[in-house]
Novice: 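Would you mind keeping the following structure in view while I ask a few things?
Computed from heavy atoms alone, side chains included, the values below leave out hydrogens, waters and symmetry copies.
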Amino acid sequence: MKALKANIGKSFGPSKEFLVTQEIIDQFASATQDLDPLHIDPKWAAENGPFPSTISFGFLTMSFITAMAHDVLQYEREERDGSSGFPLNYGFNKMRLIAPVPVNSKIFGIFTIKDVVERKPGQILQTYEVVVHIKGVEKPALVGEWLALWVNS
């Protein structure tokens with residue numbers, strides 16, 4: 001626990017870049033049954049939407065956080081303070097979708113440890129500030145606080 005607390009304020013990343021293709025957007029739409037044309041119909045989006053192309057679903061952008069975290073945090077099933085275990089997604093304190101992610105954009109994440117708290121023996125709650133950026137765009141796509149619960153096995 002002491003070693004983890006020593007990392008408060010430390011940033012990890014950027015993660016590798018993830019390409020948000022129309023195929024990925026369409027697969028997400030199918031999986032979630034959200035068939036909004038702003039996301040899945042390039043012709044409709046160009047003619048009727050507020051952007052020149054389709055855009056990622058906000059929840060799709062959020063879903064990349066896990067892969068980004070695995071890329072830069074590399075903590076899955078590692079030993080933590082003498083105990084092996086695994087992280088669980090515990091949720092968010094807050095999340096804001098700041099800028100739309102146009103189709104064929106590359107996104108990447110940066111994580112900063114904000115807090116580490118032992119909830120009970122064998123459970124450590126870690127709070128990360130997460131910022132998802134769009135390559136080549138100044139304004140981030142997403143900012144938030146993500147909670148990960150480390151559970152000893």
Novice: Under a 4.5 Å cut-off applied to non-hydrogen side-chain atoms, are Ile55 and Leu38 in contact?
Specialist: yes
Novice: May I have the step-by-step check of side chain to side chain contact (heavy atoms under 4.5 Å, CB included) for Ile110 and Val130, ending in yes or no?
Specialist: CA-CA 6 Å; Ile110 298 174; Val130 58; over 6 Å; no
Novice: Can you name the nearest heavy-atom pair linking Pro102 to Ser105, along with the distance?
Specialist: O-OG, 2.7 Å
Novice: To check you understand the geometry: which heavy-atom pair defines the closest contact between Ile8 and Val116, and what is its length?
Specialist: CD1-N, 4.0 Å
Novice: For Phe51, look at atom CZ and say whether over 12 heavy atoms of other residues, nucleotides or ligands are found less than 6.0 Å away.
Specialist: yes
Novice: Compare every heavy atom of Ser15 with every heavy atom of Val72, then report the nearest pair and how far apart it is.
Specialist: CG1-CA, 3.3 Å
Novice: Look at the aromatic rings of Phe108 and His133 and report parallel, tilted or perpendicular, splitting at 30° and 60°.
Specialist: parallel
Novice: Please name the pair of heavy atoms, one in Val117 and one in Asp115, separated by the smallest distance, quoted to 0.1 Å.
Specialist: CG2-OD2, 3.4 Å
Novice: Under the criterion side chain to side chain contact (heavy atoms under 4.5 Å, CB included), I'd like the reasoning laid out for Val103 against Ile25: C-alpha separation, chi angles, the key distance, then a yes or no.
Specialist: CA-CA 8 Å; Val103 66; Ile25 294 170; 4.1 Å; yes
Novice: How long is the span from the OG atom in Ser30 to the CD1 atom in Ile40, to the nearest 0.5 Å?
Specialist: 9.5 Å
Novice: Output, in order, the C-alpha distance, side-chain angles, deciding distance and verdict of ring-ring contact (aromatic ring centres under 6.0 Å, His included) for Phe18 and Phe64.
Specialist: CA-CA 8 Å; Phe18 293 85; Phe64 275 100; 5.6 Å; yes
Novice: To the nearest 0.5 Å, what is the distance between CG (Leu147) and NZ (Lys114)?
Specialist: 10.5 Å
Novice: For the atom pair NZ (Lys135) and NZ (Lys106), what is the distance rounded to the nearest 0.5 Å?
Specialist: 4.5 Å
Novice: Evaluate the side chain to side chain contact (heavy atoms under 4.5 Å, CB included) criterion for residues Glu118 and Gln123: first the C-alpha distance (whole Å), next the side-chain angles of each, then the deciding distance (0.1 Å), finally the verdict.
Specialist: CA-CA 6 Å; Glu118 185 174 32; Gln123 291 188 357; over 6 Å; no
Novice: Under a 4.5 Å cut-off applied to non-hydrogen side-chain atoms, are Ile98 and Leu142 in contact?
Specialist: no
Novice: Identify whether Val131 and Met62 are in the same connected component of the hydrophobic contact network (ILVMFWY, side-chain heavy atoms under 4.5 Å).
Specialist: no
Novice: Going from OG on Ser56 to CG on Leu97, what distance comes out if it is rounded to the nearest 0.5 angstrom?
Specialist: 9.0 Å
Novice: Drop me the distance from Gln126's CD to Leu73's CG, to the nearest 0.5 angstrom.
Specialist: 8.5 Å
Novice: Should Thr61 and Val132 count as side-chain neighbours, where that means a heavy-atom distance under 4.5 Å?
Specialist: yes
Novice: Tell me which one of His39, Lys43, Gln22 satisfies side chain to side chain donor-acceptor pair (under 3.5 Å) with Thr54.
Specialist: Gln22
Novice: Would you find a donor on one side and an acceptor on the other, under 3.5 Å apart, between the side chain of Asp41 and the backbone of Trp44?
Specialist: yes
Novice: Val151 and Leu88: side chain to side chain contact (heavy atoms under 4.5 Å, CB included), yes or no, with the steps?
Specialist: CA-CA 7 Å; Val151 180; Leu88 297 174; 3.7 Å; yes
Novice: For the CG atom of Leu125 and the NZ atom of Lys120, what is their distance to the nearest 0.5 Å?
Specialist: 12.5 Å
Novice: Any side-chain heavy atom of Ile113 sitting closer than 4.5 Å to one from Phe12?
Specialist: yes
Novice: With a cut-off of 6.0 Å (strictly less than), are more than 12 heavy atoms of other residues, nucleotides or ligands near CZ of Phe92?
Specialist: yes
Novice: If every non-hydrogen atom of Ala141 is compared with every non-hydrogen atom of Val101, which pair is closest and at what distance?
Specialist: CB-CG2, 3.6 Å
Novice: Under the side-chain hydrogen bond (donor to acceptor under 3.5 Å, both in side chains) rule, what do Trp146 and Asn93 come out as? Steps first, then yes or no, please.
Specialist: CA-CA 7 Å; Trp146 184 35; Asn93 281 337; over 6 Å; no
Novice: Do you know the tightest heavy-atom contact between Asp71 and Lys16?
Specialist: OD2-N, 2.6 Å
Novice: Are Ile65 and Met95 side-chain neighbours, meaning at least one heavy-atom pair lies under 4.5 Å?
Specialist: yes
Novice: Using a 4.5 Å cut-off on heavy atoms from C-beta on, say whether the side chain of Thr32 contacts that of Phe28.
Specialist: yes
Novice: With heavy-atom distances below 4.5 Å as the criterion, would you say the side chains of Phe111 and Glu129 are in contact?
Specialist: no
Novice: Are Met68 and Val137 co-members of a hydrophobic cluster defined by side-chain heavy atoms under 4.5 Å apart?
Specialist: yes
